Number of protein chains: 2
Amino acid sequence: MSECQREKEHACALERAIACMPTEEGIEAMSGAFKAMSEPSRLKILLALTQGELCVYHLVQAVGGTQSAVSHQLRILREGKIIRARRDGQNVVYSLADGHVAQLLQTAYEHLSCKGGEEDA
Amino acid sequence: MSECQREKEHACALERAIACMPTEEGIEAMSGAFKAMSEPSRLKILLALTQGELCVYHLVQAVGGTQSAVSHQLRILREGKIIRARRDGQNVVYSLADGHVAQLLQTAYEHLSCKGGEEDA
DNA sequence: ATAATATATGAACAAGTATTCATATATTGA
DNA sequence: TCAATATATGAATACTTGTTCATATATTAT
């Protein structure tokens, strides 16, 4: 019963934390979106697509790496409904699937990209 | 030289994509932040901490799992400067390290958590 | 000092996954 | 149909990582 003391110390934050916690599906949805952007190779692809739709060949030029590696990552993003594919003649043209990811990329880009890093003493 | 044709088709988007691409350090910073939030166990910890600082014991209650697993994830988040630790008597109290992550969590929470999912035909 | 509580951590193991290589599929032009 | 271009993908490999178990460290009270 010694933890009862602690129970009350920050009880309000704990209760709010429990109350605001999404369902498992919500957690999966959120972490899935973050996971899509958590690998450098995929993040580059997504950042490139914020500028407009691009075919695989151009994506390879924009992000580097081999065509095979890019295609594998494109499949992961496609299956996760993060991006959308459309055939255009010999090419397949990709674009971001919805605005949510674009918003997250924008927020991260503005907040993290331009700044070197913040050490706090 | 056959790709020259393609070079021009979407050249503007490709050029913008190349122009907007962050440095490798920028990419690492962004993907690192996303990676912190890409695992359900860590995401839960971070979401809980958006409600205020919490000690490990309370975090375990808020997010579930064993104390050891939570502590391991806390270490990863701590070393990545995503969260901050402060000792308070027998307890160690954790809090979010900066507002950037909170902003990303907020954006994701609003955009992804409450909605079931969007299938597009 | 000893016991109890709170947290951290090393080692081991199990999954998950990003890349490469080789090859398959699809589209276009001759 | 055949060749060329564009993209996708299966298998194998190497690497990363999340969890568990056992144990270590730190703080407090007696």
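If you're wondering where the values come from, they're calculated on a predicted model, not measured in any experiment. So you know, we letter chains A, B, ... as the sequences are listed, proteins then strands, and number each from 1.
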Give the nucleotide from the list C:dT9, D:dT7, D:dG10 with an atom nearest to the side chain of A:Val56.
D:dT7
Presence of A:Arg87 side-chain N/O under 4.0 Å of C:dT27 phosphate oxygens OP1/OP2:
yes
Pairing of B:Glu28 and B:Lys35 as salt bridge, 4.0 angstrom limit:
no
Counting only side-chain N and O atoms of B:Arg78, is one of them less than 4.0 Å from OP1 or OP2 of C:dT9?
yes
Can you give one letter per nucleotide of nucleotides 16-23 of chain C, 5' to 3': B if a protein heavy atom sits under 4.0 Å from the base, S if only from the sugar-phosphate, - if neither?
-SSBBBB-
Whole angstrom is fine here: how far is it from CG in A:Leu77 over to P in D:dT9?
13 Å
Mind calculating the distance between CG (B:Asp88) and C1' (C:dT5) to the nearest angstrom?
14 Å
Can you see if the side chain of A:Asn91 gets near the phosphate of C:dT27 - specifically, an N or O under 4.0 Å from OP1 or OP2?
no
So if I take residues 43-51 of chain A and measure heavy-atom distances to DNA chain D, which residues fall below 4.0 Å?
none
Between A:His58 (NE2) and D:dT7 (C1'), how many Å, whole number?
14 Å
Closest non-hydrogen atom pair between A:Tyr109 and B:Pro22, with its separation:
CE1-CG, 3.7 Å
CG of A:Leu59 versus C1' of D:dA6: gap in Å, rounded?
13 Å
Counting distance alone, no hydrogens or angles: does the base of D:dT28 have a donor or acceptor under 3.5 Å from a partner atom on the side chain of B:Gln90?
no
A:His100 backbone acceptor or donor facing A:Asp98 side chain under 3.5 Å
yes
Would you call A:Lys44 and B:Met30 a side-chain contact if the rule is heavy atoms closer than 4.5 Å?
no
Indicate yes or no for a side-chain donor-acceptor contact from B:Arg87 to the backbone of B:Gly89 under 3.5 Å, with no hydrogens or angles considered.
yes
Could you tell me whether the side chain of B:Arg42 and the main chain of B:Ala36 form a donor-acceptor pair under 3.5 Å?
yes
Using the rule given for side chain to side chain contact (heavy atoms under 4.5 Å, CB included), can you reason through A:Leu74 versus A:Val92, listing the C-alpha separation, both sets of side-chain angles and the distance that settles it, and then say yes or no?
CA-CA 11 Å; A:Leu74 286 173; A:Val92 175; over 6 Å; no
A:Arg86 CZ to D:dA8 C1', in whole Å, measures 18 Å
With a 3.5 Å distance limit and no angle check, can you tell me whether B:Arg16 reaches the backbone of B:Ile18 through a side-chain donor-acceptor pair?
no
Under a 4.5 Å side-chain heavy-atom rule over Ile, Leu, Val, Met, Phe, Trp and Tyr, are B:Ile76 and B:Met37 clustered together?
no
Show, in sequence, the C-alpha distance, side-chain angles and deciding distance for B:Leu105 and B:Leu43, and conclude whether the side chain to side chain contact (heavy atoms under 4.5 Å, CB included) test is met.
CA-CA 9 Å; B:Leu105 290 169; B:Leu43 178 59; 3.6 Å; yes
Rounded to the nearest angstrom, tell me the gap between atom CD in B:Glu79 and atom P in D:dT16.
16 Å
Report the distance from atom CD of B:Gln61 to atom P of C:dA6, rounded to the nearest whole Å.
11 Å
Could you state the CD1-P distance from A:Ile83 to D:dT7, rounded to the nearest angstrom?
13 Å
Nucleotide nearest A:Arg75 (side chain, heavy atoms from C-beta), chosen from D:dT28, C:dT27, D:dG10:
D:dG10
Counting only side-chain N and O atoms of A:Tyr94, is one of them less than 4.0 Å from OP1 or OP2 of D:dA6?
no
